[in-house]
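I have placed the structure first, in the form of structure tokens, so that the comments after it can refer back to it.
Computed from a prediction, not measured in an experiment: that's the story for all the values here. Order of appearance sets the numbers: ligands from 1, and atoms from 1 within every ligand. Along the sequence shown, residues are numbered consecutively beginning with 1.
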Amino acid sequence: MQKNPWLMDRALGAFLGLAIGDALGATVEFMTAREITARYQVHNQIVGGGWLGLQPGHVTDDTEMTLALGSALIASGGWNQRAIADAFVAWMRGNPVDIGNSCRRGISNYISSGNLCVLFAEENGGNGAAMRNLPTVLVSLESEELLIRRSLEQAHITHNHPKSDAATAALACMTRRLLLQGEEAACDQIACDLIAQHPVFKFRPWPGHASGFIVHTVQTVFDGFFNTGSFEECLVRVVNRGGDADTTGALAGQLAGALYGVQGIPTRWLKRLDPAVTAAIYIQTSQLLNLSAE
Ligand code: MN
Ligand code: MN
């Protein structure tokens with residue numbers, strides 16, 4: 001595809017931003033904002049720990065599933081829903097440090113039935129499909145319509161829920177516009193459209209929940225993204241809400257990284273990220289962009 005000069009910087013920003021949000025947020029996952037303040041005042045360093053007892057800079061299922069999805073697309077030389085499901089199976093069998101309930105159920109369902117789409121279930125309204133979708137954006141820059149169709153295909157391997165679908169598509173389209181146009185204004189319309197269709201996503205003022213329910217996750221991510229002026233400010237605002245902080249951090253990092261680019265990510269965070277993850281992200285980002293046909 002025709003590469004504009006900033007595309008690689010923004011795409012790397014989005015992918016590294018996602019991993020950094022995961023690594024930063026995991027420390028305070030499932031804590032309340034009050035507990036975070038009592039312990040850290042402001043949590044703004046990648047120090048590991050948290051309920052998973054992570055090494056500093058290590059990531060969780062959010063980044064791992066994203067990399068699994070990306071590696072499936074690279075190995076397939078393009079879009080391949082079954083290869084994605086197989087990559088999720090391999091990942092789950094490797095005993096990941098963490099895995100969400102819907103992801104475990106959906107992947108187990110695929111193992112036993114070969115079915116690439118789970119049935120609708122009310123409890124599938126979690127953020128697990130949205131959190132891993134970045135590689136889909138990187139291989140689908142040529143068309144928003146194509147991006148939405150593919151996003152829902154990968155989502156439905158584990159999550160089949162109208163709110164998860166709407167949010168996964170909206171976050172994908174926002175990231176795509178940021179990568180191509182680099183303007184926050186390009187995202188406003190997508191957020192407005194999402195809220196017009198599903199008013200439950202309203203995030204002004206922030207409604208006060210940062211859980212793994214996709215509605216709470218999106219509200220927390222949008223509140224951070226639209227109300228701050230830098231990558232650091234956005235991530236710090238989001239993860240200090242606690243709750244599902246590694247996943248809100250990952251999604252906020254994806255959007256903010258796409259807007260501000262690698263240049264906008266604090267060096268102290270880039271240096272702290274697990275070097276194996278950094279290396280995988282550099283390789284995948286350029287290979288995935290090469291799969292976008294434009
Ligand atoms: Mn996680
Ligand atoms: Mn999480």
For the Mn ion (ligand 1), the nearest N/O/S atom on Asp62 is atom OD1

Using 2.8 Å as the threshold, say whether any N, O or S atom from Asp61 sits that close to the Mn ion (ligand 1).
yes

Using 2.8 Å as a strict upper limit, say whether an N, O or S atom of Thr60 approaches the Mn ion (ligand 1) that closely.
yes

Decide if atom CZ of Arg204 counts as having more than 12 heavy atoms of other residues, nucleotides or ligands within a radius under 6.0 Å.
yes

Give a yes-or-no answer on whether the side chains of Thr158 and Arg132 include a donor-acceptor pair shorter than 3.5 Å.
yes

Ignoring hydrogens and geometry beyond distance, is a side-chain donor-acceptor pair present between Thr228 and Arg237 at under 3.5 Å?
no

Below 30° counts as parallel, above 60° as perpendicular, anything between as tilted: where do the rings of His43 and Tyr40 land?
tilted

Aromatic centroids of Phe222 and Phe201 separated by under 6.0 Å
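Centroid distance Phe201-Phe222: not below 6.0 Å, so no.
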
Restricting to N/O/S, name the atom of Asp244 that gets closest to the Mn ion (ligand 2).
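Of all N, O or S atoms in Asp244, the Mn ion (ligand 2) lies closest to OD1.
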
Closest to the Mn ion (ligand 2), which N/O/S atom of Glu29 is it?
OE2

OD1 (Asp246) to the Mn ion (ligand 2) to OG1 (Thr247) angle, given to the nearest 10 degrees:
90°

